[in-house]
Amino acid sequence: MDLSRFRDAARQTRRVVVPPRAVPPARELVYVPVDADGYPLDQVRSWCAESEDDQLASSPLEDARDVSTAYGSCLVVERDYLIDERHGCWSCADLHVEPDDALDVLAGKAITRAQPQRVLYVDLETTGLSGGAGTVPFLVGCAWTDAEGVHLRQFFLPSFSAERALLAAVADLVGEADCLVTFNGRTFDVPVIEVRGAFHRVAVPLCDLPHLDMLPPARQLWRSASVAGDGSCRLMALEEALVGLTREGDVPGWEIPGRYFAFIRHGDARALEAVFHHNRCDLLTLAALTARARFLVRHGLEATASTGERFGLARLYHRAGRLEQAEACYRAAADDSEGKPSIRGAAWRAVALLCRRARRYAEATVAWEQVLALEPEETPSAREAREALAIHHEHRARNLERARAHAEHALAIAASAAQRAGVAHRLARLDKKIARQASSLTGRFWELGET
DNA sequence: CACACGGATCGATCAACGGC
DNA sequence: GCCGTTGATCGATCCGTGTG
């Protein structure tokens, strides 16, 4: 994929609205009680719904197939998104990710094995949010990519008694993967599967798999980028900003457990079509975010599309110990005259800290001056810059008057008693030094006068 | 709505260094 | 040689934010 195409995609602000699915004719509503230990699959595949939209929807289980495991069977729905299909401004061909060390940078640790083959994206829909033993995953969406596009497999729980089978079926697929990618999966998806696996004594190797949770790197990359307006890094906010998609009629998260419980009570699967669709969108967007983030890490500064993205990429490099690349990106963000002053100020602060650590004090001083120029006087960064400059001028540049001026500013904006005490101590020392300097100068003046 | 995680912040500590 | 300062690091704590 060439760079310009990618940049264009990133810059694209055009919103793509997901068209509503083709609507099948409404069917007669039939009430079918569901056996607690079994599920009347035939009836489940065509049953009633509450809202008008849902009544018009088809059952997501129409093309589901039974998957047998040692513990019984569950249902699986499969979809392929081939290279000529699109997800927002992305071609599905571009969603293919070869696992490499860029994923290590995103994860903040080494997660790719010697010869990684398959990255598995996982997203759960569950009966609640608590994450405890009572939360049951009723839809486990899995996706992987290859040169042909994206392949998606959704494991569905037709009754609570099939949970063991569902976990076993998921375990089979997970066993073929080298690397797991989720969104907030470290906190939510993986613990849920872990607890349910322990409960049913089914080993799901999800927890052993190298895991990239895209939420932390997404926050680093795109929170300050303000791609999502208010800085939100929820998956759908990032989807709008980076994939250019606005979901029409999407089911809100809080409604998902209720829809599943209604299905369990009455056997109606049509209201779940929106949930299946939501899960597929989440997986495709997760793949798109991962591809974009990996591309940024691989191609660096030239691939970034905004000041915020440059700053975010710098933070990722910084965390990964790639200091040269980090500094280049910080400097690019700091120099961007069109960028938000708060981001530019933060970038200059990072440059100052990097330079100071490398003992490049002159460069650090220039960076602290830039922080002062960009940050409002009362911010913590401005106070930090005043103090750093006071130290520099007192101990290295040996310009006591300038050191004193910075210390006075620092005293005026000190946020706590401890800070005030520290700066007051510095000021007192500076005053003593200045007085001593003056008296020694006076002495030398008289000495010169006498000779 | 529960829960866990990451970050920001602050204070304590310690080694290294320089001024007197 | 003593003493003060700097800068790095570590741990505790708090807050904001993501998941269905």
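Below, chain A is the first sequence line, B the second, and so on; all start at residue 1. The structure presented is a predicted model; accordingly, all values stated were derived computationally and were not measured.
Distance CG (L286(A)) to C1' (dT19(C)): 13 Å, rounded to an integer number of Å. Taking atom CZ on F138(A) and atom P on dG20(C), their separation rounds to 10 Å, with Å as the unit. The interatomic distance linking R356(A) (CZ) with dT6(C) (C1') rounds to 9 Å, in whole Å. What separates CZ of F183(A) from C1' of dT17(C) is a distance of 10 Å, to the nearest Å. Atom CG in L139(A) sits about 11 Å away from atom P in dG20(C), given to the nearest Å. Put simply, CZ on R426(A) is 8 Å from P on dT5(C), counting in whole angstrom units. Residue E387(A) contributes atom CD, which lies 11 Å from atom P of dC10(B) at whole-angstrom precision. Rounded to a whole Å, the CG atom of D213(A) is 10 Å from the C1' atom of dT19(C).
Axis angle between the ends of the helix from dC1(B)-dG20(C) to dC20(B)-dG1(C), five pairs each and rounded to 10 degrees, works out to 20°.
Closest to the E394(A) side chain, of the nucleotides dT19(C), dT6(C), dA8(B), is dT6(C). Candidate nucleotides dC5(B), dG20(C), dT19(C) were compared by shortest atom distance to the side chain of T126(A), and dG20(C) ranks first. Of the listed nucleotides (dC5(B), dT17(C), dC10(B)), dT17(C) has the atom at the smallest distance from the side chain of R223(A). For R219(A), taking side-chain heavy atoms from C-beta onward, the closest of the listed nucleotides dG20(C), dT6(C), dT17(C) is dT17(C). Residue P380(A) has its side chain nearest to dT9(B) when only dT9(B), dG7(B), dG7(C) are considered. You'll find that the side chain of P257(A) is closest to dG20(C), out of dG20(C), dG6(B), dG18(C).
Within 4.0 Å of T187(A), counting heavy atoms only, lies at least one base atom of the nucleic acid. Among the atoms of the strands shown, only primed sugar atoms or phosphate atoms (P, OP1, OP2) are found under 4.0 Å from some heavy atom of Q220(A). Backbone-only engagement by D123(A) is indicated by non-hydrogen atom pairs under 4.0 Å involving sugar-phosphate atoms exclusively. Within the nucleic acid shown, Y260(A) has no heavy atom closer than 4.0 Å to any nucleic acid atom.
Under the ring pair (Phe, Tyr, Trp, His ring centres under 6.0 Å) criterion, Y71(A) pairs with no residue, sequence neighbours left out. Checked against ring pair (Phe, Tyr, Trp, His ring centres under 6.0 Å), F138(A) has the following partners two or more places apart in sequence or in another chain: Y260(A). Taking the salt bridge (charged side-chain N to carboxylate O under 4.0 Å, His left out) definition, one finds that R404(A) meets it with E408(A), D431(A), sequence neighbours left out.
With hydrogens and angles left out, the side-chain atoms of D250(A) and H278(A) include a donor and acceptor closer than 3.5 Å.
By the 6.0 Å contact criterion, CZ on R234(A) is open, its count of non-hydrogen atoms from other residues, nucleotides or ligands being 12 or less.
A tilted orientation is assigned to the rings of F276(A) and F156(A), their planes being inclined by 30° to 60°.
Applying the salt bridge (Lys or Arg N to Asp or Glu O under 4.0 Å) test to pairs two or more places apart or on separate chains, those with a residue in residues 151-165 of chain A are E78(A)-R153(A), E163(A)-R196(A).
In this structure the side chain of L353(A) reaches within 4.5 angstrom of the side chain of E384(A), judged on heavy atoms.
Salt-bridge formation is not detected for the pair E239(A)/R292(A): no Lys NZ or Arg NE/NH1/NH2 atom is positioned less than 4.0 Å from an Asp or Glu carboxylate oxygen.
Residue R234(A) places at least one side-chain N or O under 4.0 Å from the OP1 or OP2 atom of dT19(C).
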Which letters describe nucleotides 11-20 of chain B, given B = protein heavy atom under 4.0 Å from base, S = only from sugar-phosphate, - = neither? S-------S-
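Exactly one of R331(A), R310(A), R344(A) qualifies for a salt bridge (charged side-chain N to carboxylate O under 4.0 Å, His left out) with D336(A). That residue is R310(A).
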